[in-house]
There are 2 protein chains.
Amino acid sequence: MGRPIRTRRQATLASLAAELGVSRTTVSNAYNRPDQLSPELRKRVLDTARKLGYPGPDPVARSLRTRKAGAIGLLLTENLSYAFRDPAALGVLEGLALACEDAGVGLQLVPARPGEEDVATVHRAGVDGFVVYSVPDDDPHLNAVLQRPVPTVIIDQPVLSGVDRVAPDDAAAMTTLGYHLIELGHREIGVLCMRLSRDRNDGFASRVRQEKAHYHVQRTRLTTLAESFDAVGVDWSTVPVVERFEHTIDEGASAARQLLDANPQVTAIVCTSDILALGALNEVQRRGLRVPADITITGFDGIADAERAELTTVYQPVREKGRSAGKLLLDPTRRGQGNPMTQQVITLETELRIGKTSAPPRTAEQHWFGP
Amino acid sequence: MGRPIRTRRQATLASLAAELGVSRTTVSNAYNRPDQLSPELRKRVLDTARKLGYPGPDPVARSLRTRKAGAIGLLLTENLSYAFRDPAALGVLEGLALACEDAGVGLQLVPARPGEEDVATVHRAGVDGFVVYSVPDDDPHLNAVLQRPVPTVIIDQPVLSGVDRVAPDDAAAMTTLGYHLIELGHREIGVLCMRLSRDRNDGFASRVRQEKAHYHVQRTRLTTLAESFDAVGVDWSTVPVVERFEHTIDEGASAARQLLDANPQVTAIVCTSDILALGALNEVQRRGLRVPADITITGFDGIADAERAELTTVYQPVREKGRSAGKLLLDPTRRGQGNPMTQQVITLETELRIGKTSAPPRTAEQHWFGP
DNA sequence: AACATGTTCTGAACCGTTACGGTTCCTAGT
DNA sequence: ACTAGGAACCGTAACGGTTCAGAACATGTT
């Protein structure tokens, strides 16, 4: 298993051809089209290659010529710790990796730190396409990706015309969830949401901030929820929305604390993610409140931990999001697309999962809308 | 945010230079060495580039010329579902991604299915180096990686002379764990281990199979444990070792069932991973046995779920494994290494964590070795 | 014997860029 | 007036392959 001795100068396809006294074409064919030369010659080529320590055609040179890198890039404007710790992100990653595996294509994680304005890493990535996951619509890395002459698929956000996209119908899902709460009788609610923009704001988010959010998913969930409650006479301006920059259970707990300290009257806390909801659950229990008897808590995503906690939440098929995005990007019948004429948007089904964390408010008479 | 209209033929650096009436070098400099040309000219170049829809230097062509791909590859001969579900593997991945992020280098997941004999994906990956994680010593993909003229770092296994490696001292760790059990008084033990070779064997593993295992880590853990127990007079040939191909909690449970059905006398089950141990815990509880009163169970890895279960286990710093490997591979002072003279092996510390799943056997008198 | 049909191998163009080693021009110093 | 030195720019030669249109030769057909 010893690796070949590194020679002073690496052998190339050309030097191998010279050594053998054949053309470069023939050597190339020996590797790529065995049927184009006699088995004897092919064996001789391969044997000599081994002798000379020629490792086979250089992948980069090949990529240049064939205009195929054999890999796609994933742009994820987040610290990696997020990508690998958040179950929803992980699901997307897994699905995407699966699609790549099926296609025999590499998946390159492109480094792009949140604060980083240097987009050179995007320009330098030798990939045949990009999947962009959950970035704000004003991110410079996103712009750099769109500049590249390769197909791109966006997962979740942002929504851009002319760019393929895979996403659940957040609006419909949130409407369903909102009406679940409305039917239960909740009128005094509070909301915990994830980061709305690249600038940090750990605290209450004004209605203007909500509507100007650069994270499309958060914006949609909030505005949709607002519409549902507006429709039953709740003035959304009075609904407290607490924002957190970091997306962790502890931050969810602290957000819940901030919310309840200022608004002890709320009968339900709607969270735009399960992680935040799990944190809220912790904080609420710490305060000695019972769920759902004293307070209702809902999440979003349908991660495994949420199921374990029997959280009322909206399930979305995260693995399928990644997989669909990968398949769409790698679909051989669609290569080289990217203009508005052929834009494709895949909408995934979500499902309201009513767990044991939602119930009518303590003192409310029920409001029924059904037949 | 609209993307540029795709022209019939992509503009290149050369065509841009021609349009501007400057040399290609100048255009290249405009992008890569702004100090090499006047700001006015540079602006003119960049403006014209925008006008022509030139997306900047092609990454692949650049890589060919500079002999830098700007990415490293990760070879992981496993189904991706494993990589993303096993917390230990995930930790490694996270640490590695972190190191890449720090270096501004991409991380490419190279598709390499377990059964797949086609190693073309390895040959086609345009990367500056490889990290190999946990592959058997006879894997064809590994061989393909070693053929490539780029530096390689192996995490955990296999152990190859001349190839850099990052790994915990499995032998020392297992010895410590073994003596912990011996001191508690256990003499009738059973073992659950992960896959020993690429051929599937869900069941008991003979001593020969253990010693011939192609997965070095498993082999080391088993043989080390064997030595410890041999030293106190336990004939290892009588110790049942149950192997599982898939590494899941459920498989751990089924392995434990198989072990206990055939060997109800064992007082301790040593598992070579926490996942297996958690499965064993489930099975043992299903049988109505109490842990640790009736039976002792130990794991290996120190994953979060193990801590939650208060499992007696060996903690190893998985994130650090990935990080160290990345740093070692990307260390600019060591580029282009790979011969035996400079081989580097980084050994990481492990720690025996005694939880609440290990205790003296029911009927045993204690055997103390300490002072 | 003439011709079609394969098989096997070759020559040259091309992929898009950057490294290298200049040349040219301008300014400041003497 | 002459020159040293730096700034700005350029021409050429790689980088290491793949591809396509044939050439050369052997084989089968009529």
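Chain A is the first sequence line, chain B the second, and so forth, proteins listed ahead of strands; every chain is numbered from 1. Predicted model only: the values in this text are computed from it and were never measured.
Shown here are the salt bridge (Lys or Arg N to Asp or Glu O under 4.0 Å) partners of A/Glu320, two or more places apart in sequence or in another chain: there are none. Listed by chain and number, the residues in a ring-ring contact (aromatic ring centres under 6.0 Å, His included) with B/Tyr54 are B/Tyr31 (sequence neighbours excluded). Legend: residues meeting salt bridge (Lys or Arg N to Asp or Glu O under 4.0 Å) with A/Asp35, ordered by chain and number and at least two apart, are absent. Taking the salt bridge (Lys or Arg N to Asp or Glu O under 4.0 Å) definition, one finds that A/Asp58 meets it with B/Arg67, sequence neighbours left out. Scanning for salt bridge (Lys or Arg N to Asp or Glu O under 4.0 Å) contacts around A/Lys51 gives an empty result, with sequence neighbours left out. For the ring-ring contact (aromatic ring centres under 6.0 Å, His included) test, no residue two or more places apart in sequence or in another chain qualifies with A/Phe84. Contacts of A/Arg124 classified as side chain to side chain contact (heavy atoms under 4.5 Å, CB included), with partners at least two apart in sequence or in another chain: B/Arg62.
When the side-chain nitrogen and oxygen atoms of B/Thr66 are compared with OP1 and OP2 of C/dT18, none of them lie within a distance under 4.0 Å. In terms of phosphate contacts, B/Thr25 brings no side-chain nitrogen or oxygen within less than 4.0 Å of OP1 or OP2 of D/dC10. Considering only side-chain N and O atoms, B/Arg67 lies under 4.0 angstrom from the phosphate OP1 or OP2 of D/dG16. The side chain of A/Ser23 places an N or O atom within less than 4.0 Å of a non-bridging phosphate oxygen (OP1 or OP2) of C/dT10.
Of the candidates D/dT18, D/dG16, D/dC10, the closest approach to any side-chain atom of B/Thr26 belongs to D/dC10. Minimum atom distance to the side chain of A/Arg65 is reached by D/dG16, of the listed C/dT10, D/dG16, D/dC9.
Comparing the axis of the opening five pairs of the helix from C/dA1-D/dT30 to C/dT30-D/dA1 with that of the closing five pairs yields an angle of 40°, rounded to 10°.
Taking atom NE2 of A/His123 as the reference point, atom C1' of C/dT17 lies 16 Å away to the nearest angstrom. What separates CG of A/Asn29 from P of C/dT7 is a distance of 15 Å, to the nearest Å. Across the protein-nucleic acid pair, B/Asn32 atom CG and D/dC9 atom P stand 16 Å apart, rounded to whole Å. Between the P atom of D/dA14 and the CG atom of A/Leu13 lies a distance of 17 Å, rounded to the nearest Å. B/Leu20 has its CG atom 17 Å from the P atom of D/dA8, to the nearest Å. Here the C1' atom of nucleotide D/dC15 and the CZ atom of A/Arg62 are 16 Å apart, to the nearest Å. The CG-P distance, from A/Leu64 to C/dC15, rounds to 9 Å in whole Å.
Using a cutoff of 4.0 Å between basic side-chain nitrogens and carboxylate oxygens, A/Asp47 and A/Arg44 are not scored as salt-bridged.
The base of C/dT17 lies close enough to the side chain of B/Arg24 for a donor and an acceptor atom to sit less than 3.5 Å apart.
Taking SG of B/Cys100 as the reference point, atom CG of B/Leu329 lies at 8.0 Å (rounded to 0.5 Å).
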N/O donor-acceptor pairs under 3.5 Å from side chains in residues 15-22 of chain B, not counting sequence neighbours:
{"unit_1": "B/Ser15", "atom_1": "OG", "unit_2": "B/Thr12", "atom_2": "N", "d": "2.9"}
{"unit_1": "B/Ser15", "atom_1": "OG", "unit_2": "B/Thr12", "atom_2": "O", "d": "2.9"}

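Contacts classified as salt bridge (Lys or Arg N to Asp or Glu O under 4.0 Å) and involving residues 22-31 of chain B (residues at least two apart or in different chains) are not found.
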Show the distances under 3.5 angstrom between N or O atoms of the protein and N or O atoms of nucleotides 26-28 of chain C.
none

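Among the heavy atoms of the strands, none lies under 4.0 Å from A/Val60. Within 4.0 Å of B/Tyr31, counting heavy atoms only, lies no atom of the nucleic acid at all.
Less than 4.0 Å separates DNA chain C from at least one heavy atom of each of the following residues of residues 33-41 of chain A: A/Gln36, A/Leu37, A/Ser38, A/Leu41.
Here the shortest heavy-atom pairing between B/Val132 and B/Leu142 reads CG1-CD1, 4.1 Å.
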